[in-house]
Amino acid sequence: MPSQVNLLQNYPYFYLDAENFYAEATNFIMTGANIDLIYLFLSSELGFFAFSKFYTGPQFDATGFRYKKAYLDETYVPKLNNLQTLALRNVLNNLNKKDIDQEISKVWAKIIGLDDEEIAFINSYKKNLLISSR
């Protein structure tokens, strides 16, 4: 995890490839049905929170952990109904939209049934990890 708050906005670094790019060096490739929905979960604030709290291995320090394949294999991604799937895919189809991360987080929060306090906690979690480690 980046140790500077300004680098956290796009962390974690996942990429949904629709162009058949070549993965180089320390990348992992995930394939399968509904991979777009898995991508949207893992790259969301909720996905980051859930992964860092429940699925990481040993931490390096107060903020450091790794996204390892073995840990990702065990990560729970919520089951979605057709309307929830459509809502997330609508967000994905509008990737040029300015507040895409906020939109993804709103949809996941609604799916999970989070209240405003829980949403605020999860949305501030990454930044608070860095602040508390200083």
Which atom pairs, one a donor and one an acceptor, fall under 3.5 Å between side chains of residues 116-124 and the rest of the protein, sequence neighbours left out?
residue, atom, partner, partner atom, Å
Glu118, OE1, Asp115, N, 2.8
Asn123, ND2, Ile119, O, 3.4
Ser124, OG, Ala120, O, 3.1
Ser124, OG, Phe121, O, 3.1
Ser124, OG, Asn128, ND2, 3.2

List in chain and number order the residues that pass side chain to side chain donor-acceptor pair (under 3.5 Å) with Asn34, two or more places apart in sequence or in another chain; answer none if no residue qualifies.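 So Asn34 forms a side chain to side chain donor-acceptor pair (under 3.5 Å) with Arg89.
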
Rounded distance (nearest 0.5 Å) linking atom [atom1] of [X] with atom [atom2] of [Y]:
X	Y	atom1	atom2	answer
Leu37	Leu42	CG	CG	11.0 Å
Ser43	Ile38	OG	CD1	11.5 Å
Phe51	Ser44	CZ	OG	12.5 Å
Leu46	Ile111	CG	CD1	9.5 Å

Per-pair distances, 0.1 Å, donor-acceptor, side chain in residues 80-87, under 3.5 Å, sequence neighbours excluded:
residue, atom, partner, partner atom, Å
Asn81, OD1, Leu83, N, 3.0
Asn81, OD1, Gln84, N, 2.8
Gln84, OE1, Asn81, N, 2.8
Thr85, OG1, Asn81, O, 3.0

The test is side chain to side chain contact (heavy atoms under 4.5 Å, CB included); show your working for Leu114 and Trp108 and say whether it passes. CA-CA 9 Å; Leu114 300 176; Trp108 278 115; over 6 Å; no

Output all residues satisfying salt bridge (Lys or Arg N to Asp or Glu O under 4.0 Å) with Lys110, sequence neighbours left out; order by chain, then residue number. none

